[in-house]
Asker: 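Dropping a structure here in structure tokens format, bear with me for questions.
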Amino acid sequence: MPQAIRINRIQVRGNQRIDQTTVLSYLPIQPGDAVDATTLDVAVRTLSRTGLFADVQIGVQNGDLVVEIVENPIINQVVFEGNRAVNETKLTEEVTLKPRGIYTRARVQEDVGSLVELYRLSGRISATVTPKLVQLDQNRVDVVFEINEGPETGLQSINFLGNAAFSDNDLRDVMVSKQSRWWRLFSSNDNYDPNRLDYDREQLRKFYTNRGYYDFRIVSGVSELAPDNSAFLMTLTVEEGDRYNFGEIKVVTENERLNAEFLKRILPIRSGQLFESDRIESSVDALTFAAGSAGYAFVEINPSYHANPETDTVDVTFNVSEGQRVYIDRINVVGNTRTIDPVIRRELLLTEGDAFNRALMERSRNNLRALGFFKDVKIEEARGSADDRSIVNVTLEEQPTGELSVGAGFSSVDSFVVNLGISERNFRGRGQNVVARVEWGSLRQQADFRFTEPKFLGRDLRAGFDLFHSRYDLSDYSSYDYKSTGAGLRLSYPLNAYTLFSPRYFLKADEIIVPFSYCGSAGQGSSALCDQIGSFVNSSAGYTLYVDRRNDPVRPTRGWTGSLRQDLAGIGGDVNYLKTEADASWFWGVRPNWTVSVQGQVGYISGWSGDSIRINDRFFKGGNTFRGFETAGMGPRDLTTNDSLGGNFYAIGTVELTLPNGLPEQYGIRTSLFADVGTLGMLDDRYLINSAGQPNTNIVDDLALRASAGLSVHWKSPMGPIRFDFAKVLAKEDYDETESFRFSTSTQF
């Protein structure tokens, strides 16, 4: 078209479903306009961008503008074929193509990309999606997505380079991503998810910076697909840097009415302390709370840092400024398809109408992440209805919370042990915890069911109940069997950030079974055992006061814990006693991978209202509780029958040094040297006196000191945690039962 042509009229051809008026409304040309090649090109692109047409051609014939169109077909249905790992509902939510919608190639390709990404996040990297069309009459089509899911791509290994202060196992425990293992039946964290890796990086950074490594950084993270495409091998290269202490601590305020010296005194940080990033967050919270108490809810606190590599210290300055006054208009929660809204909102420290506070918003995000219900949590601020109003959007991505535990083991005590357990940490989406477990071994058989409501009555109060039945075959140690069936109620609430108070009530029916011939007229059984035969009801109330000041709940390197437990039996029932136990542990990391721990524990039980202490309520020590002695191998004993009788009092002290063993960290083997020292005894007087009123020479109870030392080896095996104890007894009584080696398993559930 060499020159512009004036258009007399416009003709639309090829339209079947779309009205001509609709086409003309999109067309940027009107009758009477002069058009050239450029104008026609713009018109073609304008109509194509509407998404209504598969093809558009525009030409001029005898002064008329002729618009030839081919309409995009209408979608009759969207079908998925080949999907097994991901259900159709989730796939449907992911695609934009819907029945009765308009089909376009661009949208199909976009949906293919979304489906492939969904499978990639589900751990199936090799999944492919092929779109196909089935032509129907009246310009309709069926869209079929043929899916080849491929195998689930797991994480064969997670390795670290450059770490000296902490082992590979220590760092793996910090990460959400886990290595693929057969026992992780219902976990989705053992598949490869590059998005989860970003969260893992942040967790590793927090882990190191909470232990003084201010300069820590992750140099690189490389994920390589195994040659058979079955799993990924992940390697993270880290640079730990030096260990820093806090240097000079300052508070700078813009408002003279906020006293900087006073604010500095309330900080939980002192110069010379080990640098911990969590203390910075706690300090910001403390300053925010103090400013809010003084009437300044709209403050911004920005810590600034200055590192001194020559002294390995970090100077911290808290800059306190008054920010813009903004209130929360609305809080939107999206993405929770299973967890109900109240479970989420009760973890938020802000509500509608509150003053917006960034520190509280971040703490709210951490609270939600700590639940373990969500793979990802985002809390973002958006502009509200006015300049002083904001909207808080909480976006969640849920993850599986149910677990099935199946295990079998063998030990020198229990012989063969089988256990099966099911747990659900977010029962019915209400945040409730349900655990059902069955364990069967030669020494112990038990079944129990536990239910816990973490926010009872909408408060920071954990409440729950237990149902249990257990049987202990102690005939090899004390010639009796013990059965117990009962239920309990428990509460737990924090007194502060590190102290927990937990009251409880338990009602149980206990039964002591002893062979008749053992305690008959000709039997040799001790009265300390034979008096216990029969069934009785135990109704008791008690509490536990627990303090945890450790730097890490799994592998502490400093800090301490302590607990006090008391139970009063006799609130009805047949048993009357007061049982008190206390213990404390201290931890010192003397150097990387070298940790010294000191533990002390003591317990005493006394009867009241004329009751003596029954054998199943006494303390028994040995085996895992005092290494070098058999189960129930120390303490009061009947010399005639060699039955262990237990004691009413015990005191035990332990010193342990955890040290490196030179084995590769991926083996999961940890070693420690230990020394145990303690005593057990103080039977009721009635069992120490015979029928003639003289001391019973057949029963020994002398509170003698026992001691042992040796080596313990802990192995995180595929079958569960296993422990080997090699012990040398240093002090004992002639009647004690000792052992130099013990092999035991435990179930973490």
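Since the model is a prediction, treat every value here as computed from it, not as a measurement.
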Asker: Quick check: do N393 and I391 have side-chain heavy atoms less than 4.5 Å from each other?
Answerer: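 Side-chain contact under 4.5 Å: yes.
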Asker: Flag the pair T561 / V547 as yes when at least one side-chain heavy-atom distance between them is below 4.5 Å, and no otherwise.
Answerer: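 They are not in side-chain contact.
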Asker: Suppose we screen for side-chain contact (heavy atoms from CB on, under 4.5 Å). Which residues come up paired with S390, at least two apart in sequence or across chains?
Answerer: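 Applying side-chain contact (heavy atoms from CB on, under 4.5 Å) to S390 gives V326, I328, F356, E381.
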Asker: Show your working on side-chain contact (heavy atoms from CB on, under 4.5 Å) between V392 and N332 and close with a plain yes or no.
Answerer: CA-CA 6 Å; V392 175; N332 299 322; over 6 Å; no
Asker: Sub-3.5 Å donor-acceptor pair from the side chain of N426 to the main-chain atoms of G431, do we have one?
Answerer: yes
Asker: Between R565 (side chain) and A582 (backbone), is there a donor-acceptor pair under 3.5 Å?
Answerer: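 No; zero donor-acceptor contacts below 3.5 Å.
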Asker: Tell me whether the NZ or CZ atom of R279 lies within the 45° cone about the ring axis of F275 and under 6.0 Å from its centre.
Answerer: no
Asker: Flag the pair D460 and K455 as a salt bridge only when some basic side-chain nitrogen lies within less than 4.0 angstrom of an acidic carboxylate oxygen.
Answerer: yes
Asker: Are the side chains of W560 and R550 in contact, using a 4.5 Å heavy-atom criterion?
Answerer: no
Asker: Between Y214 and N245, is there a side-chain heavy-atom distance shorter than 4.5 Å?
Answerer: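 No, too far: nothing below the 4.5 Å cut-off.
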Asker: Within the distance-only criterion (no hydrogens, no angle test), does the side chain of R627 pair as donor or acceptor with the backbone N or O of G710 below 3.5 angstrom?
Answerer: no
Asker: Begin from the C-alpha positions of I344 and T339 and carry the test side-chain contact (heavy atoms from CB on, under 4.5 Å) through to its verdict.
Answerer: CA-CA 8 Å; I344 298 165; T339 307; 4.1 Å; yes
Asker: Would you please name every residue forming a salt bridge (charged side-chain N to carboxylate O under 4.0 Å, His left out) with E281, sequence neighbours left out?
Answerer: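 None.
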Asker: Under the salt bridge (charged side-chain N to carboxylate O under 4.0 Å, His left out) test, which residues partner D354, sequence neighbours left out?
Answerer: none
Asker: Do S271 side-chain atoms and G247 backbone N/O form a donor-acceptor pair below 3.5 Å?
Answerer: yes
Asker: Return yes if some donor-acceptor pair links the side-chain N/O of N210 with the main-chain N/O of D278 below 3.5 Å, else return no.
Answerer: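 Present.
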Asker: So, does N367 use its side chain to make a donor-acceptor pair with the main chain of E347 at under 3.5 Å?
Answerer: yes
Asker: Given the rule in the side chain to side chain donor-acceptor pair (under 3.5 Å) test, do T395 and E380 qualify, once you have shown the distances and angles that lead to the verdict?
Answerer: CA-CA 8 Å; T395 306; E380 299 171 322; 4.9 Å; no
Asker: List the steps and the verdict of side-chain contact (heavy atoms from CB on, under 4.5 Å) for L545 and L500.
Answerer: CA-CA 6 Å; L545 182 65; L500 195 67; over 6 Å; no
Asker: Salt bridge (charged side-chain N to carboxylate O under 4.0 Å, His left out) with R201: which residues, sequence neighbours excluded?
Answerer: none
Asker: I'd like to check the side-chain contact (heavy atoms from CB on, under 4.5 Å) partners of T313; sequence neighbours left out, ordered by chain and number.
Answerer: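 Listed in chain order: N308, T311.
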Asker: Measure from the side-chain N and O atoms of E656 to the backbone N and O of A675, and report whether any donor-acceptor pair falls under 3.5 Å.
Answerer: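 Answer holds: no.
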Asker: Between CD1 of I249 and CZ of R270, what distance do you get to the nearest 0.5 Å?
Answerer: 9.0 Å
Asker: Using the side-chain contact (heavy atoms from CB on, under 4.5 Å) criterion, which residues pair with S114? Sequence neighbours excluded.
Answerer: E94
Asker: Kindly say whether L349 contributes a backbone atom to a donor-acceptor pair with the side chain of S364 at under 3.5 angstrom?
Answerer: yes
Asker: To the nearest 0.5 Å, tell me how far Y493 OH sits from S502 OG.
Answerer: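 If I round to the nearest 0.5 Å, the distance is 9.0 Å.
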Asker: Strictly below 4.0 Å, N to O, side chains only: are R338 and E398 in salt-bridge contact?
Answerer: no
Asker: May I have the step-by-step check of side chain to side chain donor-acceptor pair (under 3.5 Å) for T499 and N496, ending in yes or no?
Answerer: CA-CA 5 Å; T499 305; N496 52 42; 3.0 Å; yes
Asker: Under a 3.5 Å cutoff, is there a donor and acceptor pairing between the side chains of S712 and D725?
Answerer: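 There is such a pair (donor and acceptor under 3.5 Å, judged by atom type) between the side chains of S712 and D725.
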Asker: Taking the side chain as every heavy atom from C-beta outward, state whether D583 and V602 have any atom pair closer than 4.5 Å.
Answerer: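 No, too far: nothing below the 4.5 Å cut-off.
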Asker: Can the positive tip of R558 be found less than 6.0 Å from the middle of the six-membered ring of F587, inside 45° of the ring normal?
Answerer: no
Asker: Among R369, K378, K375, which one satisfies salt bridge (charged side-chain N to carboxylate O under 4.0 Å, His left out) with E397?
Answerer: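 Checked R369, K378, K375 against E397; only one passes salt bridge (charged side-chain N to carboxylate O under 4.0 Å, His left out): K375.
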Asker: Would you sort out whether D170 and S167 count as a side chain to side chain donor-acceptor pair (under 3.5 Å), showing the intermediate values?
Answerer: CA-CA 5 Å; D170 291 335; S167 67; 3.1 Å; yes
Asker: Step through the shown structure and confirm whether more than 12 heavy atoms of other residues, nucleotides or ligands are within 6.0 Å of CZ on F501.
Answerer: yes
Asker: Where do S672 and T658 land on the side chain to side chain donor-acceptor pair (under 3.5 Å) test, with the steps shown first?
Answerer: CA-CA 4 Å; S672 62; T658 301; 4.9 Å; no
Asker: Rounded at 0.5 Å granularity, tell me how far OG in S283 sits from CZ in F246.
Answerer: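 Output value for this atom pair is 7.0 Å.
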Asker: Once you round to the nearest 0.5 Å, how far does CG of D200 lie from CZ of R172?
Answerer: 12.5 Å
Asker: Look only at the side chain of T654 and the backbone of V677, and say whether a donor-acceptor pair between them is shorter than 3.5 Å.
Answerer: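 No; zero donor-acceptor contacts below 3.5 Å.
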Asker: Could you go through V316 and E248, starting from their C-alpha distance and side-chain angles, then the distance that decides it, and tell me whether this counts as side-chain contact (heavy atoms from CB on, under 4.5 Å)?
Answerer: CA-CA 6 Å; V316 183; E248 184 181 6; over 6 Å; no
Asker: Please determine if R205 and E202 form a salt bridge, counting it only when a charged side-chain N lies under 4.0 Å from a carboxylate O.
Answerer: yes
Asker: Measure the OG-CG distance between S157 and D168 for me, rounded to the nearest 0.5 Å.
Answerer: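 Answer for the OG-CG pair, S157 versus D168, is 10.0 Å.
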Asker: Once you round to the nearest 0.5 Å, how far does CG of L236 lie from CG of L161?
Answerer: 8.5 Å
Asker: Which of parallel (below 30°), tilted (30 to 60°) and perpendicular (above 60°) describes Y208 and F166?
Answerer: perpendicular
Asker: Answer yes when R217 and D215 have at least one side-chain N-carboxylate O distance shorter than 4.0 Å, and no when they do not.
Answerer: no
